[in-house]
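Report on the structure given below.
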Amino acid sequence: MTSSQDVDTIKSPNSDPEPSINPLDELPGEVEMSIFDHLEELRQRIFYSLIVVVVGIIGCFIVVKPLVQLLEIPAHGVKFLQLAPGEFFFVSMKVAAYGGLILTTPFILYQIIQFVLPGLTVRERRLVIPVVLGSSVLFVCGLVFSYIALIPAALQFFINYGADVVEQLWSIDKYFDFVLLLLFTTGLAFQVPVIQILLATLGIVSSKIMLKGWRYVIMAAVVLGAILTPSTDPLTQSLLAGAVLGLYFGGIGLVKLTGK
């Protein structure tokens, strides 16, 4: 039989309280799903994404000629040749594929978010929308920067280099391989601030550590510019490296604003 003293001991305020869990680190109440339900949901979301991508590619293919003409503008009057039967057709397919994929990226990101959302805590869910929006905006900024600055600079370098030796007649297939790859890689390079904010929010790296490593970042930006640019001219590589450095230090500023 328990005595009153024992009861008082049990109810003593000096006893250690149970550790409390931060509400931001908790998982919101969700309906539990089996592994087969998760696989079925994943299959459906991939299927919906593929349908939307195909529709986007078809839509871009319908208006592909204006897109091709738009991407030819940075060449400033250079004549393009079709060196093999069907070459322009395959170039059109390539442009439509890139265009359709870029246009449908927001829907694909939405499907990914909806799939992983049940496994995220409240704190992680608050990051999803800003990260997705920031990533999308920066990718578009990368495309615009590449179209306005990188591509004209690279093409002008090559045109001037051989202007008094060769006539500028370019293969349309090779030209679009160059342009599309440079657009895509520049869009990826502009994701640097998003990666910085994610690392800082997760507590992996702070703004002070980012700033201390500026020497290594400069070296990495130069190497990145050399790898990502399909051309070998120093002007294009320097422009991309400079843009990456600007984004990196801008990302440090954003991280400081968040108090990390």
**Item:** M210/V217 under side-chain contact (heavy atoms from CB on, under 4.5 Å): CA gap, chis, key distance, verdict
**Value:** CA-CA 9 Å; M210 293 180 190; V217 172; over 6 Å; no
**Item:** Which residues share a side-chain contact (heavy atoms from CB on, under 4.5 Å) with S136, sequence neighbours left out
**Value:**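 Checked S136 against side-chain contact (heavy atoms from CB on, under 4.5 Å); matches are L109, V132.
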**Prompt:** Partners of I151 by side-chain contact (heavy atoms from CB on, under 4.5 Å), sequence neighbours excluded?
**Reply:**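 side-chain contact (heavy atoms from CB on, under 4.5 Å) check on I151 returns P74, S146, L155, V179, L182, L183.
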Same cluster or not: [X] versus [Y], using hydrophobic residues (I, L, V, M, F, W, Y) connected whenever any side-chain heavy atoms lie under 4.5 Å apart?
{"X": "V192", "Y": "V222", "result": "no"}
{"X": "I73", "Y": "V64", "result": "yes"}
{"X": "M93", "Y": "V53", "result": "no"}
{"X": "L101", "Y": "V55", "result": "no"}
{"X": "V144", "Y": "L240", "result": "yes"}

**Prompt:** Can you tell me if CZ on F249 sees more than 12 non-hydrogen neighbours from other groups inside 6.0 Å?
**Reply:**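 Above 12, so yes.
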Enumerate donor-acceptor pairs with a distance under 3.5 Å from any side-chain N or O in residues 42-52 to protein atoms, sequence neighbours excluded.
| unit_1 | atom_1 | unit_2 | atom_2 | d |
| --- | --- | --- | --- | --- |
| R43 | NE | E40 | OE1 | 3.4 |
| R43 | NH2 | E40 | OE2 | 2.7 |
| Q44 | NE2 | E40 | OE2 | 3.3 |
| R45 | NE | E41 | OE2 | 3.1 |
| R45 | NH1 | Q111 | OE1 | 2.9 |
| R45 | NH2 | E41 | OE2 | 3.2 |
| S49 | OG | R45 | O | 2.8 |

How long is the span from the [atom1] atom in [X] to the [atom2] atom in [Y], to the nearest 0.5 Å?
{"X": "T185", "Y": "F190", "atom1": "OG1", "atom2": "CZ", "answer": "10.5 Å"}
{"X": "L180", "Y": "F184", "atom1": "CG", "atom2": "CZ", "answer": "11.0 Å"}
{"X": "S92", "Y": "I172", "atom1": "OG", "atom2": "CD1", "answer": "7.0 Å"}
{"X": "I102", "Y": "F139", "atom1": "CD1", "atom2": "CZ", "answer": "5.0 Å"}
{"X": "F145", "Y": "L247", "atom1": "CZ", "atom2": "CG", "answer": "8.5 Å"}
{"X": "T186", "Y": "L138", "atom1": "OG1", "atom2": "CG", "answer": "13.0 Å"}

Which atom of [X] lies closest to which atom of [Y], heavy atoms considered:
{"X": "Y147", "Y": "L70", "value": "OH-O, 2.7 Å"}
{"X": "C60", "Y": "A96", "value": "CB-O, 3.7 Å"}
{"X": "A189", "Y": "V244", "value": "CB-CG2, 4.1 Å"}

**Asked** Do Y175 and V91 have side chains that get closer than 4.5 Å, going by heavy atoms?
**Response**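 Side-chain contact under 4.5 Å: no.
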**Request:** Can you tell me which residue pairs pass the salt bridge (charged side-chain N to carboxylate O under 4.0 Å, His left out) test with a partner in residues 186-198, sequence neighbours excluded?
**Result:**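 Residue pairs passing salt bridge (charged side-chain N to carboxylate O under 4.0 Å, His left out), neighbours aside: none found.
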**Request:** Keeping to residues at least two apart or across chains, list the salt bridge (charged side-chain N to carboxylate O under 4.0 Å, His left out) pairs with something in residues 137-158.
**Result:**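 Listed once each, the pairs would be none.
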Output side-chain donor-acceptor pairs under 3.5 Å for residues 77-85, partner residues at least two apart or in another chain, one line each.
| unit_1 | atom_1 | unit_2 | atom_2 | d |
| --- | --- | --- | --- | --- |
| Q82 | OE1 | E87 | N | 3.4 |
| Q82 | OE1 | F88 | N | 2.8 |

**Verdict with supporting geometry, F90 and D173, side-chain contact (heavy atoms from CB on, under 4.5 Å)** = CA-CA 8 Å; F90 291 111; D173 183 52; 5.7 Å; no
